[in-house]
Asker: 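Below you'll find the structure I mean.
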Amino acid sequence: MENPYRQAQFLQSGTKLSQLPSGGVEVAFVGRSNAGKSSVLNTLTQQKGLAKTSKTPGRTQLINVFSIGNQDKHPKERLIDLPGYGYAKVPEQIKQQWQQMLHQYLEEREELKGLIIIMDIRHPLKELDEAMISWAIDSHLQVHLLLNKADKVSRNEANLTLLKIQKKYAHYQMVSCQLFSATTSFGLKELIYRVRALLSEEAEVPPS
Ligand code: GDP
């Protein structure tokens, strides 16, 4: 299968959501620090150094924007790499501020078509993951849960965790879930398919 995300390019970094480009469509990636968000982005785009891995916890957290495909001055499709949450060392006040901003982003950002929440399969659905899922559901936003590091557990354990989470969110059509490994690329086809489906939703809306 062709992977359109191989053509992803770094577009900009910023500290505020208000600096994001307007127009077009985007899918955002979030997750607890160390869940493997950067690794997932690198595997998805098949570019080793696109997103920086092993960040120093607590350093200035940036929102990184990658454009996909045709590179003109007004890229239509974007992948958004949001700062990881759950760093123990970040002061409570900063954490609160960031959570508020994130909530607002999920609620109000029209360009946002879907959220990919990356979790370590061995520690899924932590408090902030669940908060993020609730906000997405409340905002009628599609959310795809990525159970990363599936290579760290047995296939049986991975499937049991997947089933448990699928069952928990069975009543919410906007929530989907899959197994993934950034290390082995397990689940890559499904992730490409999901991201593509989220971004192309707008294509179904007739031009005004
Ligand atoms: P981030 O903080 O969420 O961006 O996480 P990173 O991408 O920096 O990954 C954190 C650590 O987990 C690094 O040591 C990665 O090599 C490792 N890692 C990420 N994804 C996987 C995976 O799918 N399998 C395994 N075994 N390790 C992974």
Side-chain angles (χ1 to χ4, degrees), residues 3 5-6 8-15 17 20 26-66 78-91 94-95 98-99 101-102 105-106 114-133 135-136 143-162 164-165 176-195:
N3 179 357
Y5 306 110
R6 287 181 77 148
Q9 282 188 12
F10 175 76
L11 191 67
Q12 67 179 67
S13 272
T15 51
L17 292 165
L20 289 171
E26 66 202 27
V27 164
F29 291 71
V30 284
R32 279 176 69 81
S33 67
N34 214 41
K37 177 168 55 65
S38 311
S39 305
V40 167
L41 276 163
N42 290 343
T43 298
L44 173 64
T45 59
Q46 293 173 283
Q47 298 181 39
K48 274 189 181 147
L50 191 81
K52 304 281 176 284
T53 52
S54 308
K55 293 159 297 232
T56 316
R59 70 163 203 188
T60 309
Q61 295 200 280
L62 292 176
I63 301 159
N64 299 304
V65 183
F66 305 100
R78 295 179 293 271
L79 303 178
I80 309 294
D81 175 14
L82 296 167
Y85 43 77
Y87 286 113
K89 284 184 182 163
V90 175
I94 306 283
K95 276 188 203 167
W98 173 243
Q99 283 171 38
M101 262 215 300
L102 206 48
Y105 173 65
L106 301 189
L115 185 70
I116 312 274
I117 302 181
I118 292 123
M119 300 184 286
D120 184 326
I121 192 160
R122 299 165 300 175
H123 318 283
L125 298 181
K126 295 282 186 188
E127 197 183 339
L128 273 173
D129 299 322
E130 291 201 328
M132 214 68 63
I133 297 167
W135 296 342
V143 49
H144 186 56
L145 309 176
L146 207 66
L147 298 173
N148 190 36
K149 307 196 188 183
D151 59 289
K152 290 274 198 185
V153 297
S154 70
R155 185 60 68 88
N156 189 38
E157 197 180 333
N159 284 329
L160 282 175
T161 306
L162 177 67
K164 207 166 127 188
I165 295 177
S176 53
C177 187
Q178 74 160 100
L179 301 175
F180 194 80
S181 166
T183 303
T184 67
S185 297
F186 177 79
L188 178 59
K189 274 188 189 171
E190 186 176 351
L191 179 60
I192 293 169
Y193 169 84
R194 291 285 180 184
V195 175

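Every number for a ligand or one of its atoms is a count from 1 in the order of the listing.
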Asker: Heavy atom of Gly31 under 4.0 Å from ligand 1?
Answerer: no

Asker: May I ask you to decide if Leu44's main-chain N or O and Asn3's side chain share a donor-acceptor pair within less than 3.5 Å?
Answerer: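 Judged by distance alone, yes, a pair lies under 3.5 Å.
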
Asker: Quiz question: by atom type and distance under 3.5 Å, do the side chains of Asn64 and Ser13 form a donor-acceptor pair?
Answerer: yes

Asker: Under a 4.0 angstrom heavy-atom cut-off, which atoms of ligand 1 come close to Asp151?
Answerer: 22 (C), 23 (O), 24 (N), 25 (C), 26 (N)

Asker: Check side chain to side chain donor-acceptor pair (under 3.5 Å) between Gln178 and all other residues, then give those that pass, not counting sequence neighbours.
Answerer: His144

Asker: Taking Ala51's backbone N and O only, do any of them form a donor-acceptor pair with Asn42's side chain (distance below 3.5 Å, no angle check)?
Answerer: yes

Asker: What atoms of ligand 1 come within less than 4.0 Å of a heavy atom belonging to Ser39?
Answerer: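 Answer for ligand 1: 6 (P), 7 (O), 9 (O), 15 (C), 19 (C), 20 (N).
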
Asker: Please check whether Ala182 reaches ligand 1 - meaning an N/O of the residue sits under 3.5 Å from an N/O of the ligand, judged on distance alone.
Answerer: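 Yes: some nitrogen or oxygen of Ala182 is under 3.5 Å from one in ligand 1.
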
Asker: Within the 4.0 Å heavy-atom shell around Lys152, which atoms of ligand 1 are there?
Answerer: 26 (N)

Asker: Please indicate whether any nitrogen or oxygen in Gly36 is less than 3.5 Å from any nitrogen or oxygen in ligand 1.
Answerer: yes

Asker: Please check if the side chain of Asn148 supplies one atom and the backbone of Ala182 the other of a donor-acceptor pair under 3.5 Å.
Answerer: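 Here the side-chain-to-backbone pair exists.
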
Asker: Looking only at atom types and distance, does a side-chain atom of Ser185 sit under 3.5 Å from a main-chain N or O of Leu188, one as donor and one as acceptor?
Answerer: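 No, because the side chain of Ser185 does not come within donor-acceptor range (under 3.5 Å) of the backbone of Leu188.
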
Asker: Which option out of Gly84, Ser33, Ser38 puts a heavy atom nearest to atom 4 (O) of ligand 1?
Answerer: Ser38

Asker: With a cut-off of 4.0 Å, which atoms of ligand 1 are near a heavy atom of Ala35?
Answerer: 3 (O)

Asker: Just to be sure I read this right, does ligand 1 sit under 4.0 Å from the backbone of Thr183, its side chain, both, or neither, counting only heavy atoms?
Answerer: both

Asker: List the residues meeting side chain to side chain donor-acceptor pair (under 3.5 Å) with Glu157, not counting sequence neighbours, and say none if there are none.
Answerer: none

